[in-house]
Amino acid sequence: ATTPESAAIEKLQEKYEAIDVSTINSFDDLPLSPKTLKGLKECGYTKPTDIQRETIKLGLTGKDILGAAQTGSGKTLAFLIPILERLYCKQWTRLDGLGALVITPTRELAYQIFEELRRVGEHHEFSAGLIIGGKDLKFERNRMDQCNIVIGTPGRILQHMDENPLFDCVNMEILVLDEADRCLDMGFEQTMNAIVANLPAKRQTLLFSATQTKSVRDLARLSLKNPAYVSVHEHS
Ligand code: ADP
Ligand code: MG
């Protein structure tokens with residue numbers, strides 16, 4: 001049945017193809033949900049950074065992305081906004097379980113992404129969870145089945161996949177490999193490959209990295225399908 005919400009979602013989605021990346025000046029120029037726009041505004045975010053401008057249309061339309069941009073360029077929102085919008089458009093609820101998984105190399109980065117998601121996603125109803133080493137595994141374990149968006153470090157995520165029956169990825173729609181170059185530098189290549197091998201083949205994958213090395217391209221080959229390559233350099 002058509003509800004006011006599903007009609008509003010359809011209207012937003014109809015505007016995706018017409019997004020003209022070259023004319024986007026502010027987040028208000030993008031067909032984003034009122035909940036996301038409100039969250040962005042309250043965080044003081046008005047203009048997208050270059051990497052955000054270049055990737056958001058691709059992210060919204062479900063494309064796989066290999067995005068390279070230096071540290072501090074705003075890669076976090078380049079994946080958090082598509083996650084929020086994609087799950088919102090699918091009218092994801094707590095009962096749908098895990099919808100998006102974000103893998104990042106360190107606990108500190110995972111915590112920062114989690115906090116950014118809490119602020120920007122404040123008006124959405126999704127539940128989010130952190131799975132990082134050093135926290136009580138039992139506590140994490142029991143809550144896993146209620147999380148729509150999980151952010152974690154590679155070793156801990158694989159541990160949950162192997163040991164926790166409540167960590168159920170069958171519905172997962174979006175995988176983010178954040179700071180992929182650092183993950184590989186830290187020796188997580190096999191762990192990442194094992195995680196990717198456990199996930200549904202039909203999914204969207206967003207891979208972000210500060211640098212494009214051969215090992216990043218190897219990981220991309222294993223985890224992305226027909227990716228759009230986006231590389232943003234600082235203007236000099
Ligand atoms: P990266 O992951 O590329 O290193 P982050 O996503 O951590 O970069 O963002 C770096 C900083 O830029 C953060 O402090 C963040 O709050 C800020 N930032 C991100 N996007 C915007 C934006 N559109 N407008 C203003 N500040 C932003
Ligand atoms: Mg980052």
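Every heavy atom of this structure was used, including side-chain atoms; hydrogens, water molecules and symmetry mates were not. Indexing begins at 1, ligand by ligand and atom by atom, following the structure's order.
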**Q** Does Gly72 come within less than 4.0 angstrom of ligand 1, counting non-hydrogen atoms of the residue?
**A**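 Contact present.
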
**Q** Assigning hydrophobic clusters by single linkage (Ile, Leu, Val, Met, Phe, Trp, Tyr; side-chain heavy-atom cutoff under 4.5 Å), is Ile149 placed with Leu109?
**A** no

**Q** For ligand 1, which atoms have a heavy atom of Gln70 less than 4.0 angstrom away?
**A** 3 (O)

**Q** Applying the side chain to side chain contact (heavy atoms under 4.5 Å, CB included) criterion to Arg221, which one of Leu224, Leu219, Asp218 satisfies it?
**A** Asp218

**Q** Are any of the N/O atoms in Pro48 less than 3.5 Å from those in ligand 1?
**A** no

**Q** Going by an N to O cut-off under 4.0 Å, is there a salt bridge joining Arg86 and Glu173?
**A**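 Salt bridge absent between Arg86 and Glu173.
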
**Q** Decide side-chain contact (heavy atoms from CB on, under 4.5 Å) for Leu80 and Val120; before the verdict, give the C-alpha distance in whole Å, the side-chain angles of both, and the deciding distance to 0.1 Å.
**A** CA-CA 8 Å; Leu80 287 184; Val120 173; 5.6 Å; no

**Q** Taking 4.0 angstrom as the limit, do Glu122 and Lys35 come out as a salt bridge?
**A** no

**Q** Nearest protein heavy atom to atom 15 (C) of ligand 1, by residue and atom, and its distance?
**A** Tyr45 OH, 3.7 Å

**Q** Kindly indicate whether the side chain of Leu199, heavy atoms from C-beta on, has any atom under 4.5 Å from the side chain of Met172.
**A** yes

**Q** In the protein, what heavy atom is nearest to atom 3 (O) of ligand 1, and what distance, to one decimal place, separates them?
**A**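 So the nearest neighbour among protein heavy atoms is Lys75 NZ, 2.8 Å.
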
**Q** Note the single closest protein heavy atom to atom 8 (O) of ligand 1, along with its residue, its atom name and the distance in Å.
**A**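 Minimum-distance protein heavy atom for atom 8 (O) of ligand 1 reads Gly74 N, 3.1 Å.
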
**Q** Would you kindly confirm whether Leu222 and Ile103 end up in one hydrophobic cluster when ILVMFWY residues are joined by side chain heavy atoms under 4.5 Å apart?
**A**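 Shared cluster, no.
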
**Q** Could you check whether the rings of His160 and Phe167 sit parallel, tilted or perpendicular, using 30° and 60° as the cut-offs?
**A**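 Judged by the thresholds at 30° and 60°, the geometry between His160 and Phe167 is tilted.
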
**Q** Decide, counting backbone as well as side-chain atoms, whether Asp178 has an N, O or S atom less than 2.8 Å from the Mg ion (ligand 2).
**A** no

**Q** Among the N, O or S atoms that Glu179 has, which is closest to the Mg ion (ligand 2)?
**A**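 Sorting the N, O and S atoms of Glu179 by distance to the Mg ion (ligand 2) puts OE2 first.
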
**Q** At what distance is the nearest protein heavy atom to atom 5 (P) of ligand 1, and which residue and atom is it?
**A** Thr76 OG1, 3.6 Å

**Q** Geometry only, no angles: is Leu77 polar-contacting ligand 1 at N/O separations under 3.5 Å?
**A** no

**Q** Out of all atoms in ligand 1, which are within 4.0 Å of some heavy atom of Ser73? Include the element for each.
**A** 1 (P), 3 (O), 8 (O)

**Q** Pull out every atom of ligand 1 sitting under 4.0 Å from any heavy atom of Thr71, numbered as shown with elements.
**A**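 Checking each atom against Thr71, I get 4 (O).
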
**Q** Polar-atom distance check: Lys47 versus ligand 1, any N or O pair below 3.5 Å?
**A** yes

**Q** Considering only protein heavy atoms, which is closest to atom 20 (N) of ligand 1, and at what distance to one decimal place?
**A**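 Looking only at protein heavy atoms, the one closest to atom 20 (N) of ligand 1 is Gln52 NE2, 2.9 Å.
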
**Q** Between Gln112 and Glu108, does any side-chain donor sit less than 3.5 Å from a side-chain acceptor?
**A** yes

**Q** With a 4.0 Å cut-off on heavy atoms, is Phe27 touching ligand 1?
**A**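 Contact check Phe27 vs ligand 1: positive.
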
**Q** Do Leu77 and Leu37 land in one hydrophobic cluster if side-chain heavy atoms of ILVMFWY residues count as linked below 4.5 Å?
**A** yes

